[in-house]
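Following: one structure in structure tokens, then a few remarks.
Proteins come first, then strands; the chains are lettered A, B, ... in the order of their sequence lines, and each starts at number 1. Just so it is clear, the values below take in all heavy atoms, side chains as well, and ignore hydrogens, waters and symmetry mates.
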There are 2 protein chains.
Amino acid sequence: MRIGELARLTGVSPRSLRWYGEQSLLRETRTSGGHREYDDDAVDRVQAIQVLFAAGVPARHVAGILPCYDTGTTTPAMVARLEEERTRLRAQAAELAATLQRLDEMVAETRLRLLAA
Amino acid sequence: MRIGELARLTGVSPRSLRWYGEQSLLRETRTSGGHREYDDDAVDRVQAIQVLFAAGVPARHVAGILPCYDTGTTTPAMVARLEEERTRLRAQAAELAATLQRLDEMVAETRLRLLAA
DNA sequence: GTAAGAGCTGACATACATGTCAGGTTCAAG
DNA sequence: CTTGAACCTGACATGTATGTCAGCTCTTAC
């Protein structure tokens, strides 16, 4: 499929898809005229990339996490890295919860200050 | 107190404290020689600013959320904005939880692919 | 073969708090 | 009055995926 269709199917802009290609996150072939062509698998791949981005994994690490993009190979190291990221994300979630609690306290305090005035 | 001490007490770099001043988040007076001087309250204020930053509130909104930095005034609008931010942060926490779950699924899938190989 | 839509490249912009550096000034203790 | 630590300003850099624009080319249906 071409880039417009992949963009439509994934909700990711053509601009971003081209960039994924540049970063070697996504395999692309070219037509004789130079237009990008993608396999059907690309849809899943793009979605996986988006999950990792949402998890705060920088693009330069994604290639080492996702199964090798031309051979489909999966290695134990990938599982390990993925688990590291999960650990990191859990920690981040915990921090966010702590921040939320501090924010709750700020709301309460600010309300009190308002009443006192 | 001067900037070095405030930095030490809050764990925020002098560079950042100067920037808070520029952004009118923090009140600073000057010695005759031009060195910044801070009230003791500044410690609390800086910590509040950090909580808001951690919650993803951009600096340009902080001034409208924290009690007015020279009069100490607290308005109902501040409480409202603070509650908006709390709502936003809760949504963000929920998204993070969803992402974490998708990451869990990815870990499981990747493990399976590894076993299958 | 042509018109319109889709795609191409390359470049510049963004948000934002912080790091860091250079070159100069002030402060405070001796 | 000197010295060393602390501070000043101003500037440039950072990371990062995405938006957007300009100018040009390819594709495809007619």
Side-chain angles (χ1 to χ4, degrees), chain A residues 1-39 42 45-66 69 85 88-89 92 95-96 99, chain B residues 1-39 42 45-66 69 85 88-89 92 95-96 99:
Chain A
M1 83 193 73
R2 268 165 305 163
I3 201 168
E5 191 180 357
L6 184 55
R8 194 175 46 73
L9 290 176
T10 58
V12 173
S13 73
R15 170 70 179 82
S16 295
L17 295 175
R18 286 187 198 107
W19 189 77
Y20 295 176
E22 267 174 42
Q23 307 302 307
S24 302
L25 304 184
L26 198 55
R27 188 174 35 156
E28 47 189 36
T29 55
R30 298 297 184 116
T31 66
S32 56
H35 285 196
R36 289 169 179 79
E37 284 249 66
Y38 300 93
D39 289 348
R45 180 124 186 146
V46 169
Q47 280 163 355
I49 291 169
Q50 291 279 292
V51 171
L52 293 177
F53 283 177
V57 180
R60 65 180 181 286
H61 291 165
V62 170
I65 287 175
L66 255 37
Y69 82 133
E85 295 298 345
R88 197 188 42 68
L89 197 61
Q92 195 182 323
E95 264 188 53
L96 196 57
T99 300
Chain B
M1 84 191 74
R2 269 166 304 162
I3 201 167
E5 192 180 356
L6 184 55
R8 196 176 42 76
L9 291 176
T10 58
V12 173
S13 74
R15 170 69 180 83
S16 294
L17 294 175
R18 287 187 197 109
W19 188 77
Y20 295 177
E22 268 173 41
Q23 307 301 308
S24 302
L25 303 184
L26 199 54
R27 188 173 34 157
E28 48 188 36
T29 55
R30 299 297 185 116
T31 66
S32 57
H35 286 196
R36 288 170 181 81
E37 284 250 67
Y38 300 95
D39 288 349
R45 179 126 187 144
V46 169
Q47 280 162 355
I49 291 170
Q50 292 277 294
V51 171
L52 292 177
F53 284 177
V57 179
R60 67 180 179 286
H61 292 165
V62 169
I65 287 175
L66 255 38
Y69 82 133
E85 297 297 347
R88 196 187 43 67
L89 196 61
Q92 195 182 324
E95 264 188 52
L96 197 57
T99 299

Atom [atom1] of [X] and atom [atom2] of [N]: how far apart are they, to the nearest Å?
{"X": "B:Arg60", "N": "C:dT14", "atom1": "CZ", "atom2": "C1'", "answer": "11 Å"}
{"X": "B:Leu17", "N": "D:dT9", "atom1": "CG", "atom2": "C1'", "answer": "16 Å"}
{"X": "B:Ile49", "N": "C:dC16", "atom1": "CD1", "atom2": "P", "answer": "16 Å"}
{"X": "A:Leu26", "N": "D:dT18", "atom1": "CG", "atom2": "P", "answer": "12 Å"}
{"X": "B:Arg8", "N": "D:dA6", "atom1": "CZ", "atom2": "P", "answer": "11 Å"}
{"X": "B:Glu22", "N": "D:dC8", "atom1": "CD", "atom2": "P", "answer": "12 Å"}
{"X": "A:Leu25", "N": "D:dT16", "atom1": "CG", "atom2": "P", "answer": "13 Å"}
{"X": "A:Met1", "N": "C:dG7", "atom1": "CE", "atom2": "C1'", "answer": "16 Å"}

query = Would the B:Tyr38 and B:Tyr20 ring centres measure less than 6.0 Å apart?
reply = no
ask   = Has B:Arg15 got a side-chain N or O lying under 4.0 Å from the OP1 or OP2 atom of D:dC8?
value = no
inquiry  = Is A:Ser13 close enough to D:dG19 that one of its side-chain N or O atoms is under 4.0 Å from OP1 or OP2 there?
reply    = yes
remark   = Comparing nearest nucleotides in DNA chain C, the 5'-proximal residue of the pair B:Ser16, B:Arg2 is B:Ser16
remark   = Judged by nearest nucleotide, the residue sitting upstream toward the 5' end of DNA chain C, B:Gly33 or B:Val57, is B:Val57
ask   = Under 4.0 Å between a Lys/Arg side-chain N and an Asp/Glu carboxylate O for B:Glu85 and B:Arg88?
value = yes
Nearest listed nucleotide, side chain of [X], among [options]:
{"X": "A:Arg36", "options": "D:dT27, C:dA11, C:dT9", "result": "C:dT9"}
{"X": "A:Phe53", "options": "D:dT18, D:dC7, D:dA11", "result": "D:dT18"}
{"X": "A:His35", "options": "D:dA17, D:dT27, C:dG19", "result": "D:dT27"}
{"X": "A:Arg30", "options": "C:dT9, D:dT16, C:dT18", "result": "C:dT9"}
{"X": "B:Pro58", "options": "C:dC16, D:dT18, D:dA17", "result": "C:dC16"}

message = Using 0.5 Å steps for rounding, measure from the CD atom of B:Glu95 to the CG atom of A:Leu96.
response = 10.5 Å
inquiry  = Quick check for you: to the nearest 0.5 Å, what is the distance between A:Arg2 atom CZ and A:Glu37 atom CD?
reply    = 6.5 Å
ask   = What does A:Gln23 touch in the nucleic acid at a heavy-atom separation under 4.0 angstrom: a base, only the sugar-phosphate, or nothing?
value = nothing
task = Determine the contact category for A:Glu37: base if any of its heavy atoms lies under 4.0 Å from a base atom, sugar-phosphate if only primed atoms, P, OP1 or OP2 are that close, otherwise nothing.
result = nothing
query = Considering heavy-atom distances to DNA chain D, does A:Tyr20 or A:Thr31 have its closest nucleotide positioned more toward the 5' end?
reply = A:Tyr20
query = Less than 3.5 Å between a donor and an acceptor, one on the side chain of B:Arg18 and one on the base of D:dT9, is that the case here?
reply = no
message = Minimum heavy-atom separation for A:Phe53 and A:Ala59, please, with both atom names.
response = CE2-CA, 3.7 Å
message = For B:Leu9 versus B:Gln47, what's the shortest heavy-atom pair and its separation?
response = O-NE2, 4.3 Å
